[in-house]
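Working notes for the structure below.
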Amino acid sequence: IDTSVASAEEVQNAQLNQQISKMDTEKPTEAQLNVIRDAYKGENLRKLLEKNNVERIEDLSKLKVIELIRKLSEREAAK
């Protein structure tokens with residue numbers, strides 16, 4: 001029987017991994033999808049879908065959409 005105790009950091013990492021895993025299977029909100037729809041059109045949209053192996057924006061995971069929105073925000077802030 002393993003009687004070791006997890007450190008606070010190990011517990012925190014486990015909780016974070018659970019949250020990330022959940023976001024990777026959840027669907028994004030309509031508001032999040034609208035941000036992506038506004039930013040990606042035409043050829044850029046086609047490339048985004050192809051790169052992520054999905055046919056529609058709605059098929060992207062919540063985690064991927066959050067990542068894309070963060071990158072868009074960083075680009076906007078750098079202008």
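Model, not experiment: these values are computed from the prediction.
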Which residues share a side-chain hydrogen bond (donor to acceptor under 3.5 Å, both in side chains) with [X], sequence neighbours left out:
X: E43; value: R46
X: T29; value: Q32
X: E74; value: R70
X: K47; value: none

remark   = Here the pair of heavy atoms bringing S61 nearest to P28 is C-CD, 4.1 Å
Qualifying residues under side-chain contact (heavy atoms from CB on, under 4.5 Å), relative to V54, sequence neighbours excluded = L49, N52, D59, L60
request  = Return the set of residues passing side-chain contact (heavy atoms from CB on, under 4.5 Å) with R37 (not counting sequence neighbours), or none when no residue passes.
outcome  = E30, L33, N34, I57, E58
ask   = Is L48 reachable from I66 through a run of hydrophobic residues whose side-chain heavy atoms are each under 4.5 Å from the next?
value = no
query = Would L68 and L63 show up in the same hydrophobic cluster when neighbours are defined by side-chain heavy atoms closer than 4.5 Å?
reply = no
